[in-house]
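To find a chain, count down the sequence lines: A is the first, B the second, and so on, and within it residues start at 1. Note: hydrogens, waters and symmetry copies are ignored here, and every other heavy atom, side chains too, is used.
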Amino acid sequence: RKEVEQDPGPFNVPEGATVAFNCTYSNSASQSFFWYRQDCRKEPKLLMSVYSSGNEDGRFTAQLNRASQYISLLIRDSKLSDSATYLCVVNWPPGSARQLTFGSGTQLTVLP
Amino acid sequence: EAGVAQSPRYKIIEKRQSVAFWCNPISGHATLYWYQQILGQGPKLLIQFQNNGVVDDSQLPKDRFSAERLKGVDSTLKIQPAKLEDSAVYLCASRGAAQEQYFGPGTRLTVT
């Protein structure tokens, strides 16, 4: 079983649509969770952290369910510029050895 | 603030040849990571440094890959000899006191 699993997509949605990505992780002791965005042929960049209580940043909402080991990302009112690959990322272990484990990514294309 | 620098950006070599990649992290960042990203997959950690010491190299294929960060600042990753399956993007990332990792633009390696 992969440590971090994502639906690879691709998701093709029209502008203005709402789209949701899901991710599951295998290590129940994982400490921190993130969504990274990676544009084609570019490096990954942090989109947002995922907090236990859920958090929102503009059109983006991230949620965490520790009991089910499940993370989600919701994008509302999709823009063309949202087209990218979204990487689910889990941070383990704690302390100075902190590392990121990446999912394979979900590809999103927002269509005009 | 200058980002993570990597060179070269692209490299094409024949199998069994050697290649080296260079990374200069963000100034003051003690932790440096090398990742391998194969097309269609998320980045996979190869090695993690804390200053000039190795924290984790458990996923580094040590028979052919080596990395060093002698003065605790910039780092080199070497592959000798290269195999076809080493074709990938090699990403360097650095992290300061906060959790966020900042990635460089990567080196795209093609082994023919």
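Criterion: ILVMFWY side-chain heavy atoms under 4.5 Å apart, direct or through other members. Under it, B/Leu45 and A/Tyr36 are part of a common hydrophobic cluster. One hydrophobic cluster, built from ILVMFWY side chains closer than 4.5 Å, cannot hold both B/Ile47 and B/Tyr35; they sit in different ones. Placement of B/Ile79 and B/Leu91 in two distinct hydrophobic clusters is found when ILVMFWY residues are connected by side-chain heavy-atom separations under 4.5 Å, directly or transitively. Hydrophobic clustering, with ILVMFWY side chains joined whenever heavy atoms are under 4.5 angstrom apart, groups A/Met48 together with A/Leu64. Transitive grouping of hydrophobic side chains (ILVMFWY, heavy atoms separated by less than 4.5 Å) keeps B/Ile12 and B/Val19 in distinct clusters.
For residues 103-112 of chain A, heavy-atom neighbours of chain B at less than 4.5 Å comprise A/Gly103, A/Ser104, sorted by residue number.
With values rounded to the nearest 0.5 angstrom, A/Leu100 atom CG is found 15.5 Å from B/Lys44 atom NZ.
Within a 6.0 Å sphere centred on NZ of B/Lys71, other residues, nucleotides and ligands contribute 12 heavy atoms or fewer. Crowding of A/Glu15 atom CD: a count of heavy atoms from other residues, nucleotides or ligands under 6.0 Å exceeding 12. Environment of OH in A/Tyr51: sparse, with no more than 12 heavy atoms of neighbouring residues, nucleotides or ligands closer than 6.0 Å. Within a 6.0 Å sphere centred on CG of A/Leu80, other residues, nucleotides and ligands contribute more than 12 heavy atoms.
Taking A/Gln6, A/Lys45, A/Glu43 one by one and counting their heavy-atom pairs under 4.5 Å with chain B, the maximum is reached by A/Glu43. If you tally non-hydrogen atom pairs under 4.5 Å between each of B/Pro43, B/Pro105, B/Gly106 and chain A, the highest count goes to B/Pro43.
In terms of heavy atoms, A/Leu87 sits closest to B/Gly42 at CD2-CA, 4.2 Å. The minimum heavy-atom distance between A/Arg41 and B/Tyr10, with the atom names listed, is NH2-CE2, 4.4 Å.
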I'd like to know whether B/Gln37 forms a side chain to side chain contact (heavy atoms under 4.5 Å, CB included) with A/Phe102, so could you lay out the CA-CA distance, the side-chain angles of the two residues, the decisive distance to 0.1 Å, and finally the verdict. CA-CA 10 Å; B/Gln37 186 172 24; A/Phe102 287 80; over 6 Å; no

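Considering B/Gln48, B/Gln101, B/Gln59, B/Arg95 in turn, B/Gln48 is the only one that fulfils the side-chain hydrogen bond (donor to acceptor under 3.5 Å, both in side chains) rule with A/Gln99.
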